[in-house]
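Take a look at the structure below.
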There are 2 protein chains.
Amino acid sequence: MTDPLAGLPGYALRRAANAMMAELGERLVGESLRVSDATVLILVGAKGRPTASRIGQTLDIRRANMVPLLDRLEAAGLIAREPIDRKSLAIVLTPAGETKLRRVRGIVAAFERELIERVPAEHRDHLLPALDALWRGAEGAQSAQ
Amino acid sequence: MTDPLAGLPGYALRRAANAMMAELGERLVGESLRVSDATVLILVGAKGRPTASRIGQTLDIRRANMVPLLDRLEAAGLIAREPIDRKSLAIVLTPAGETKLRRVRGIVAAFERELIERVPAEHRDHLLPALDALWRGAEGAQSAQ
DNA sequence: TATTGTTATACTCTATAACTATA
DNA sequence: TATAGTTATAGAGTATAACAATA
């Protein structure tokens, strides 16, 4: 069945993102991680002791939804919550979390490399700038957190 | 907080798609339609009397998930299920569905126009081919329906 | 007064398994 | 034997409201 929607950039964007998420998800099942788990691990590994709120602000995940996500990572022994003061908690990687992060970085880097290789060479360098414009250009229309 | 993931095409793809879906969803609340509802309406309007299964194959929606979606459109008086034989049902637009489709087409066309205008001119023509390559290039990795 | 972490809750999307009836 | 429609169910993701404690 020919798809009359195939010429619409918004539709192609959704289909491409869905396919990408499904494939990355499959590559992470071996690590018992969801895509959002891996994203948080990478962010925590790159940043110094962020709070859950700051992670959520960066990744566009609501505070309330960070709780079960971090509970899961903590239960897996990958992160710990360390008091900053009597109100805030710093999210830090455990040694097991550091080891896991190294594996995750490898999986993600290989995946991103394969992704970009699927794009015909003449379009390749345009993808990230175009996606960035769509992402950040949607600001006014996006609901605030 | 600087986002160390911002340079990854896969991450940018997800963020762009999420922002796009949220914005299109907002534009469709006035029509009391979800994005997937609008997508099905457009597809049915372009194709002659498809079955639910064929719609699902085209849009990558499982048969089982088509049922409540079509129930909703039928309850809203926008589509009808007409017997093809004693096993299959053709999905057709009602007169109200045709009217609604005209409005939806206008909303979607305006949105797609704005989307593409947000992309800097030098990258604009590369977006759709790049997304198509990512979408269709994921085939082998995608789970079959 | 604003922010952090949290609980509870609900809605959407998506996925699987299984059943009936029919091609 | 394969396909169409359906039911039931479960897992994710995401959203809001509200609360206590603290900055």
Side-chain angles (χ1 to χ4, degrees), chain A residues 1 11 14-15 17-26 28-29 32-40 49-75 79-92 142-145, chain B residues 1 11 14-15 17-26 28-29 32-40 49-75 79-92 142-145:
Chain A
M1 194 179 198
Y11 181 72
R14 173 154 74 125
R15 295 294 298 257
N18 286 349
M20 181 276 294
M21 286 294 287
E23 188 177 351
L24 181 54
E26 281 171 25
L28 287 169
V29 291
S32 301
L33 292 176
R34 303 176 191 177
V35 176
S36 46
D37 296 340
T39 310
V40 167
R49 307 172 58 80
T51 62
S53 291
R54 270 172 79 78
I55 297 171
Q57 282 164 17
T58 306
L59 299 180
D60 196 31
I61 302 173
R62 296 284 187 293
R63 275 200 324 280
N65 295 329
M66 288 298 302
V67 178
L69 195 163
L70 293 175
D71 284 349
R72 200 166 54 235
L73 293 177
E74 191 175 38
I79 61 132
R81 291 164 158 117
E82 293 185 352
I84 294 175
D85 50 33
R86 281 186 301 178
K87 180 181 168 189
S88 299
L89 298 169
I91 307 303
V92 298
Q142 280 276 77
S143 57
Q145 240 189 91
Chain B
M1 194 177 196
Y11 182 71
R14 174 154 72 125
R15 295 293 299 257
N18 286 349
M20 182 276 294
M21 286 294 286
E23 187 176 352
L24 181 54
E26 282 171 25
L28 288 168
V29 291
S32 300
L33 292 175
R34 303 175 190 178
V35 175
S36 47
D37 296 340
T39 309
V40 167
R49 306 173 58 80
T51 63
S53 291
R54 271 172 78 76
I55 297 171
Q57 282 164 19
T58 305
L59 300 180
D60 196 31
I61 301 173
R62 297 282 187 293
R63 276 200 322 282
N65 296 329
M66 288 298 302
V67 179
L69 195 163
L70 293 175
D71 284 348
R72 198 166 53 234
L73 292 177
E74 192 176 38
I79 62 133
R81 290 164 158 118
E82 293 184 353
I84 294 175
D85 50 33
R86 281 185 301 177
K87 182 182 169 188
S88 300
L89 299 170
I91 307 302
V92 297
Q142 280 276 77
S143 58
Q145 235 186 101

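Chain letters run A, B, ... following the sequence lines, proteins first, then strands; residues in each count from 1. Just so you know, these numbers come straight off a predicted model, no measurement behind them.
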**Asked** Does dA21(D) have OP1 or OP2 sitting under 4.0 Å from an N or O in the side chain of Arg86(A)?
**Response** no
**Asked** Mind checking whether Arg81(A) and Asp71(A) have side chains closer than 4.5 Å, heavy atoms only?
**Response** yes
**Request:** Round to the nearest Å and state the distance from Arg54(B) atom CZ to dT3(D) atom C1'.
**Result:** 13 Å
**Request:** Take atom CE of Met21(A) and atom P of dA15(C), then tell me their distance rounded to the nearest Å.
**Result:** 12 Å
**Complete:** Judged by nearest nucleotide, the residue sitting upstream toward the 5' end of DNA chain C, Ala64(B) or Asp85(B), is Ala64(B)
**Length of the CD1-C1' vector between Ile55(B) and dA4(D), whole Å** = 13 Å
**Request:** Remember a base hit wins even if backbone is also touched, and classify Arg14(B) as base, sugar-phosphate or nothing at under 4.0 Å, heavy atoms.
**Result:** nothing
**Item:** Which residue lies more 5' along DNA chain C, comparing Lys87(A) with Asn65(A) via nearest heavy atoms
**Value:** Lys87(A)
**Complete:** So CD of Gln57(B) and CE of Met66(B): to nearest 0.5 Å the spacing works out to 10.5 Å
**Message:** It should be established whether Arg63(A) places a side-chain nitrogen or oxygen under 4.0 Å from OP1 or OP2 of nucleotide dT3(C).
**Reply:** no
**Message:** Whether Arg62(A) contacts dT4(C) is assessed here as follows: a side-chain N or O lying under 4.0 Å from the phosphate OP1 or OP2. Is that the case?
**Reply:** no
**Message:** Taking the side chain as everything from C-beta on, heavy atoms only, tell me whether Arg62(B) gets closer than 4.5 Å to Asp60(B).
**Reply:** yes
**Item:** Side chain proximity check, Leu73(B) to Val40(B), heavy atoms < 4.5 angstrom
**Value:** yes
**Request:** Look at Ser88(B) and dT3(D) and indicate whether a side-chain polar atom (N or O) is within less than 4.0 Å of OP1 or OP2.
**Result:** no
**Item:** Nearest-angstrom distance from the residue atom CG of Asp60(A) to P of dG13(D)
**Value:** 14 Å
**Message:** Nearest whole Å is fine: how far is dT16(D) C1' from Ile61(A) CD1?
**Reply:** 17 Å
**Prompt:** Of the nucleotides dT22(C), dG5(C), dT6(D), which has the atom closest to the Leu89(A) side chain?
**Reply:** dG5(C)
**Request:** May I have the distance from Leu33(B) (atom CG) to dC11(C) (atom C1'), rounded to whole angstrom?
**Result:** 17 Å
**Request:** Round to the nearest Å and state the distance from Arg34(B) atom CZ to dA10(C) atom C1'.
**Result:** 12 Å
**Message:** Using whole Å, what does the distance between atom P of nucleotide dT7(C) and atom CE of Met66(A) come to?
**Reply:** 14 Å
**Prompt:** Any side-chain heavy atom of Val35(A) sitting closer than 4.5 Å to one from Tyr11(B)?
**Reply:** no
